[in-house]
Number of protein chains: 2
Amino acid sequence: MSGGADPESGAIPTTSEPPPPRRRPTIADVARAASVSPTTVSFVLNDVVGVSISDGTRRRVRHEADRLDYRPNAAARLLRTSRSDTIGFITDEIASTPFAVDIIRGAQDAAWAHGKVLMIVNTEANPNIKERAAALMVERQVEGLIYAAMFHQEVTTPFPTVDLPTVLVDCYAADRSITSVVPDEVGGGREATRVLTTHGHRRIALLNLHRGMPATEGRLHGYHLALAEAGLPLDDALVRFGNNGADSGYHLTRQVMMLPDPPTALFCGNDRTAMGAYDALKELGCRIPNDVSVVGFDNHQLIARYLRPALTTMTLPHYEMGQWAVRHLLVGAAEDGGLGAPVQHQLPCPLVERQSVAPPITDLALGRHRAAPN
Amino acid sequence: MSGGADPESGAIPTTSEPPPPRRRPTIADVARAASVSPTTVSFVLNDVVGVSISDGTRRRVRHEADRLDYRPNAAARLLRTSRSDTIGFITDEIASTPFAVDIIRGAQDAAWAHGKVLMIVNTEANPNIKERAAALMVERQVEGLIYAAMFHQEVTTPFPTVDLPTVLVDCYAADRSITSVVPDEVGGGREATRVLTTHGHRRIALLNLHRGMPATEGRLHGYHLALAEAGLPLDDALVRFGNNGADSGYHLTRQVMMLPDPPTALFCGNDRTAMGAYDALKELGCRIPNDVSVVGFDNHQLIARYLRPALTTMTLPHYEMGQWAVRHLLVGAAEDGGLGAPVQHQLPCPLVERQSVAPPITDLALGRHRAAPN
DNA sequence: TTGAAAGCGCTACCAA
DNA sequence: TTGGTAGCGCTTTCAA
């Protein structure tokens with residue numbers, strides 16, 4: 001409008017570039033450079049629909065933005081729009097298991113696909129940190145909260161109620177008041193046992209985790225189911241509980257193998273237990289899977305693949321749970337503000353067949369029952 | 001889209017406007033409730049030093065803030081102060097190793113201790129994502145960037161130069177232009193070998209990782225050093241390279257044990273290799289550590305502790321590297337804007353003694369220096 | 001097809 | 001010891 005000499009702060013003769021102040025360029029800088037208004041820049045850069053900007057202007061704006069290496073200030077945008085494009089992710093103990101990364105990865109991939117980013121805080125099960133973390137996320141205007149436990153468990157309100165859509169991963173609220181996603185332990189236990197029964201095993205030991213955990217009880221239930229389906233009797237001597245570790249796998253295996261009528265197959269509560277079972281079996285001179293078949297649970301990245309022979313086991317759907325959580329948060333938030341009735345979701349534990357299962361030797365060598373192929 | 005013909009242009013309150021949108025309370029709301037100015041509220045809530053507010057006012061403000069459950073809006077604060085209290089953390093492949101969590105944990109703990117939070121993006125080594133991630137972090141005004149690789153390697157500019165203080169973890173720039181922190185592989189290799197020499201072993205095989213990686217070459221160098229220190233000759237037949245996995249540990253072990261003059265101790269390039277070595281050794285009827293001692297590398301959470309006997313190995317300082325990165329970023333940024341000369345830092349790999357090392361049987365039982373395999 | 005201008009919620013400068 | 005108020009950089013009516 002006011003043409004003529006630009007009185008702006010005493011025009012400096014443009015002998016060279018005059019940008020000593022290391023300030024990041026703003027939308028105003030781009031606007032000035034492209035000789036348009038900030039409004040126009042915003043329209044162009046955000047591809048706002050419903051406004052028509054001439055191609056020339058569009059190009060000019062884009063070009064100047066590039067040249068200045070303009071980056072929008074997310075804080076300013078957030079302040080204005082209150083859309084943070086951020087999801088808060090709180091874990092209890094990231095360190096304790098290698099599965100943590102899978103949950104995170106699943107969540108992060110889903111988030112990224114929706115243009116969101118994760119803000120992660122690991123609380124090491126410290127309630128103080130937990131609370132501070134939740135508060136911090138509210139301050140940062142996250143659009144939702146995910147709380148992930150590192151093994152399937154019941155939790156009592158992980159943090160004071162923040163009125164933000166929340167999803168619990170690998171855990172659930174005692175009163176089911178919060179949406180949660182957990183593995184289908186029963187289905188997994190059933191499937192694991194079924195692999196063994198369909199291979200012809202009739203005496204199958206369950207070397208379980210320690211009592212009281214959802215994983216333990218769920219898998220036990222699945223075991224019962226599969227046995228019943230196969231018309232097999234339940235022998236309590238074959239069901240043992242341990243401490244989830246390799247050593248308990250070792251000892252439990254020795255115990256059941258010492259039985260007068262030992263099992264021909266072992267369903268281990270987790271892969272670590274299976275690892276111990278392998279050791280005991282080898283010591284006892286049993287070949288896997290020829291003499292004794294073994295099925296694990298968890299599909300532990302390392303153990304299952306590297307055990308010799310490689311372990312047939314059930315996959316815990318960590319990646320999928322992380323993914324589900326984010327997706328649910330996002331569509332839930334879009335649909336009903338995340339305030340719909342909380343859902344308790346279960347994800348299947350798929351079987352991974354490797355080399356640790358074969359028909360029982362009794363079938364092969366002794367010709368009992370029907371002769372197995374091979 | 002849909003809507004009344006009359007948006008909120010007029011101040012006329014419609015008769016039945018049931019739910020006033022649940023707006024989060026702002027500093028103004030608190031000020032009003034406490035009958036003070038926003039300024040005062042800000043002073044009180046931020047414990048600003050240098051201003052004196054009467055105890056009564058202070059209490060009143062605090063009380064009202066509590067009552068209203070007031071949470072400062074981080075975006076607004078950031079916009080004003082340009083202090084995001086956030087550090088960007090970019091990983092290449094979070095999934096591939098269980099070590100990722102330790103780096104993250106170290107970084108997060110250090111960050112938390114400084115009142116900062118981590119914004120984590122995992123790129124799965126996808127350059128596109130990497131670039132977008134870096135851009136995104138700039139937009140979010142992160143105060144620094146950490147790029148973490150999941151195993152020790154050289155990287156060529158992980159992302160286009162953003163002028164933000166940056167630290168590389170478990171990797172380094174080819175041209176050393178960026179500050180980095182990596183494990184001291186040479187020191188680790190030397191120490192690992194030394195454990196064996198000090199136990200009296202004189203024929204020590206090195207079952208290394210595959211050639212060309214910093215870990216491989218560094219540990220090899222350390223092995224040479226320790227041998228020289230102990231006045232032991234280098235026998236190239238005892239040095240083998242593999243593919244970092246259990247199977248290569250298995251095969252390499254068989255190879256060296258078949259030698260006319262087999263080793264009495266194995267230094268394995270990593271714990272997975274050691275895992276394979278265990279299998280081979282057991283198959284060959286060698287007892288660990290009685291017949292053959294084994295030292296690993298990595299202190300892999302799972303393998304090292306659960307192998308039977310538990311594996312003596314070197315710890316990779318993942319947690320410490322993550323921690324170092326954040327601390328350096330924070331003090332560096334404070335001191336010189338993070339623009340000081342880039343430093344290439346190394347962290348030691350401490351020894352973890354467990355049960356897989358003993359004096360060679362030759363010394364104990366046979367009293368000779370070289371023994372044929374049983 | 002484009003622009004002016006009003007804030008989003010907070011901090012910090014300057015007054016009182 | 002307190003308060004008024006000007007922006008931080010952006011989006012978004014409404015007007016031109």
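Keep in mind that what you see is a predicted model, and the values were worked out from it rather than measured.
- The number of heavy-atom neighbours closer than 6.0 Å to CZ of B:R176, taken from other residues, nucleotides and ligands shown, is above 12.
- Rounded to whole angstrom, the span from the CZ atom of B:R71 across to the C1' atom of C:dC8 amounts to 20 Å.
- If you take CG of B:L68 and C1' of C:dG9, they are 15 Å apart, rounded to a whole angstrom.
- Residue contacts for B:S82: at a heavy-atom cut-off of 4.0 Å it reaches no nucleic acid atom on any strand shown.
- With hydrogens and angles disregarded, no donor-acceptor distance shorter than 3.5 Å links the side chain of B:E64 to the backbone of B:A34.
- Proximity of a side-chain donor or acceptor of A:N46 to a complementary backbone N or O of A:V48 within less than 3.5 Å is not detected.
- Each of A:K116, A:H114, A:R77 was compared with A:D85 under the side-chain hydrogen bond (donor to acceptor under 3.5 Å, both in side chains) criterion, and only A:K116 meets it.
- For the OP1/OP2 pair of D:dT2 and a distance below 4.0 Å, the side-chain nitrogens and oxygens of B:S37 include no atom meeting the criterion.
- Residue pairs meeting the salt bridge (charged side-chain N to carboxylate O under 4.0 Å, His left out) criterion with at least one partner in residues 30-45 of chain B, sequence neighbours excluded, are B:D29-B:R32.
- When atom types are taken as modelled, the side chain of B:R71 and the backbone of A:E139 share no donor-acceptor pair closer than 3.5 angstrom.
- Picking from D:dC10, C:dC10, D:dG4 the nucleotide with the shortest atom distance to the side chain of B:T26 gives C:dC10.
- Across the interface with DNA chain C, nearest-nucleotide mapping of A:V36 and B:L79 shows A:V36 to be the residue nearer the 5′ end.
- With rounding to whole Å, B:R32 atom CZ is found 13 Å from C:dG9 atom C1'.
- Summarising the geometry, the separation between CD on A:Q141 and C1' on C:dG9 is reported as 9 Å, rounded to the nearest angstrom.
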Nucleic acid footprint by protein, nucleotides 11-16 of chain C - heavy-atom cut-off 4.0 Å, B for base, S for sugar-phosphate alone: BBB---
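- What separates CZ of A:R59 from C1' of C:dT1 is a distance of 15 Å, to the nearest Å.
- Listed for the A:E143 side chain is a donor-acceptor partner under 3.5 Å among the backbone atoms of A:S84.
- Comparing atom distances between the A:N73 side chain and each of D:dC8, D:dC10, D:dT2 picks out D:dC10 as nearest.
- Rounded to an integer number of Å, the gap from CD of A:E139 to C1' of C:dC10 is 12 Å.
- The nearest whole Å value for the distance from the CG atom in A:D29 to the P atom in D:dC8 is 11 Å.
- Atom pair A:D55:CG and C:dT2:P shows a separation of 10 Å (rounding to whole Å applied).
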